[in-house]
Amino acid sequence: MKALLLENIHQVAVESLEAKGYEVELLSRSLSEEELVEALPGVSLLGIRSNTNVTATVLANAPDLLAIGCFCIGTNQVDLAAASERGVAVFNAPYSNTRSVVELVIGEIIALARRLPEKIEKMHAGVWDKSAKGSHEVRGRTLGIVGYGNIGTQLSTVAEALGMRVVFFDTADRPAHGNARRMSTLDELLAVSDVVSLHIDGRPGNAGLFGHEQFSKMKPRAMFVNAARGMVVDTESLREHILSGHIAGAAMDVFPVEPKAQGDPFESPLRGLDNVILTPHVGGSTQEAQEEIGWFVAGKLAAFALHGSTALSVNLPDVNVPELRSGHRLGFLHRNVPGVLARLNEMLAEQGDNVVQQQLATRGEVGYVVTDAAAPLSEGSLERLAASENGLWVRTWSA
Ligand SMILES: NC(=O)c1ccc[n+]([C@@H]2O[C@H](COP(=O)([O-])OP(=O)(O)OC[C@H]3O[C@@H](n4cnc5c(N)ncnc54)[C@H](O)[C@@H]3O)[C@@H](O)[C@H]2O)c1
């Protein structure tokens, strides 16, 4: 029961896993491929952030590894196909920073409506320019939310609490929160919004979604916010609309090209424009989000290791089972071919076992079935199952 957490993962993850009986080693840095190969034997849970690459070679040399927790949003740093092939579950924290993004966007909308970027800059330059010209309250103004998912819906609720009117457009059927009104097209939303805020996901079709045509359709002197994905917006076109005065202000947290490393130069046609807030992709970067991520991913790792639940795994089939209260549980990860479930149930029937509950899910090449039964499967049956042609692993738990 050893967990290795890298890259200074929040202490709450350490405490959470220790409370579940894990011996936890926390390192502040990432490890190279060679270092991981050396460190992983004996480790059942690995926690990383975005700077540790878990390659197929690392996975091939980690005989005791059950699961990898990415204490961040992205999972590109893990070879997911190799992890699935070896039956290693991968988890992440896709929604733990939702509130942080919402709070940044709300702050930016108010700052833009009051033209704070200009006022702050002048004060730092020693210029006292006290004027109400161009400054507005956000109360009573219409916020158009494009993409009404986790972030969009929470923004909707908080914006309404400030007295804003909310309209939204989403390509999927999303129920309205509070008094928000659904728009049937993006154009309809653009025509009525005083502020347009993007919260769509990064699917390939969204590249370049927002360009000259969309900015032209926004109300004159409306404001624009993008804390979703950089590639969605044509920044040259936004620059033109800000310079022409059609767009009264913009807040951008994400960019088509972002510097790779801390301290690298940042280039953008939006630099130096009036009433434009530029932030370095920090929408989700708060201490609270880090703590929430630590708690969330540690919980998923523990639920998988201690109860067999793959709920919200990014690579294995999703089987959400609660903690076992009594009896015995059998988890069987296998190749997704016909007949596996039937053969498992034959084995259970042969020994006269009474199945209490059973859940099967498949995902691509892999299937996962969790069976709760009154008696444990015999050692012989377990060995046959584990050695079966389509078996990836068999694990058991008893309450
Ligand atoms: N700035 C940051 O630091 C930061 C932090 C977290 C998330 N994000 C980004 O915020 C965005 C939203 O995150 P989320 O968790 O709310 O995602 P989500 O998947 O819950 O919601 C996205 C919504 O957008 C909708 N959508 C997709 N394409 C659309 C389109 N063309 N038009 C209208 N609706 C469309 C989807 O149906 C979905 O409802 C993502 O792009 C995410 O990467 C940024």
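All values derive from a computational prediction rather than experimental measurement. Just so you know, these numbers use all the heavy atoms, side chains as well, and skip hydrogens, waters and symmetry mates. First listed ligand is number 1; within each ligand, the first listed atom is number 1.
Heavy-atom proximity to Ala227, at under 4.0 Å, picks out these atoms of ligand 1: 1 (N), 2 (C), 4 (C), 8 (N), 9 (C), 10 (O), 44 (C). Near Arg203, meaning under 4.0 Å from one of its heavy atoms, ligand 1 places the atoms 27 (C), 28 (N), 36 (C), 37 (O). The His281 neighbourhood of ligand 1 comprises atoms 1 (N), 2 (C), 3 (O), with distances under 4.0 Å to a heavy atom of that residue.
Close N/O approach between Gly152 and ligand 1 is not found [any backbone or side-chain N/O within under 3.5 Å]. Ligand 1 has a nitrogen or oxygen under 3.5 angstrom from a nitrogen or oxygen of Ile151. On a distance-only criterion, Asp253 and ligand 1 share at least one N/O pair closer than 3.5 Å. The N/O atoms of Leu209, backbone and side chain alike, include none that comes under 3.5 Å of an N/O atom in ligand 1.
Side chain to side chain, Asn315 and Ser313 meet the donor-acceptor criterion of an N or O pair below 3.5 Å. Side-chain atoms of Glu288 and Asn97 include no donor-acceptor pair closer than 3.5 Å. Between Ser28 and Glu7, the side chains place no donor N or O within less than 3.5 Å of an acceptor N or O (distance only, hydrogens not considered). Defined by atom type and a distance below 3.5 Å, a donor-acceptor pair is present between the side-chain atoms of Asp372 and Gln357. Between the side chains of Gln77 and Ser50, not a single donor N or O lies within less than 3.5 Å of an accepting N or O.
The proximity of Asp170 to ligand 1, defined as any non-hydrogen pair under 4.0 Å, involves the side chain as well as the backbone. Contacts with ligand 1 closer than 4.0 Å are made by side-chain heavy atoms of Val101 only, the backbone lying farther away. In Leu186, neither the side chain nor the backbone holds a heavy atom less than 4.0 Å from any atom of ligand 1. The side chain of Asn206, and not its backbone, has at least one atom closer than 4.0 Å to an atom of ligand 1 (non-hydrogen atoms only; side chain from C-beta on).
Atom 29 (C) of ligand 1 has its nearest heavy-atom neighbour, among Asn97, Thr171, Thr98, in Thr171. Closest heavy-atom approach to atom 11 (C) of ligand 1 within the set Ile200, Val102, Ile145: this belongs to Ile200. Counting only non-hydrogen atoms, the option in Gln154, His199, Arg229, Arg174 that gets closest to atom 43 (O) of ligand 1 is Arg229.
The presence of a protein heavy atom under 4.0 Å from atom 17 (O) of ligand 1 is ruled out.
The shortest contact between atom 21 (O) of ligand 1 and any protein heavy atom is with Gly149 CA, 3.3 Å. Scanning all protein heavy atoms for the shortest distance to atom 15 (O) of ligand 1 gives Asn150 CB, 3.7 Å. Atom 3 (O) of ligand 1 has Gly284 N, 3.0 Å as its closest protein atom, hydrogens excluded (heavy atom only). Annotation: atom 9 (C) of ligand 1 to nearest protein heavy atom, Ala228 O, 3.5 Å.
Aromatic ring pairs are classed by plane angle as parallel below 30°, tilted from 30° to 60° and perpendicular above 60°; the pair Phe255 and Phe266 is perpendicular. Between His212 and His241, the ring planes lie tilted relative to each other; the angle falls in the 30° to 60° range.
The ring of Trp393 has its center closer than 6.0 angstrom to the ring center of Tyr368. If you look at Phe296 and Phe71, their ring centroids are not closer than 6.0 Å. Side-chain rings of Tyr148 and His177 approach one another, their centers coming within less than 6.0 Å.
The minimum heavy-atom distance between Arg114 and Ser135, with the atom names listed, is O-OG, 3.3 Å.
Using modelled atom types, no side-chain atom of Arg395 and backbone atom of Gly308 make a donor-acceptor pair closer than 3.5 Å.
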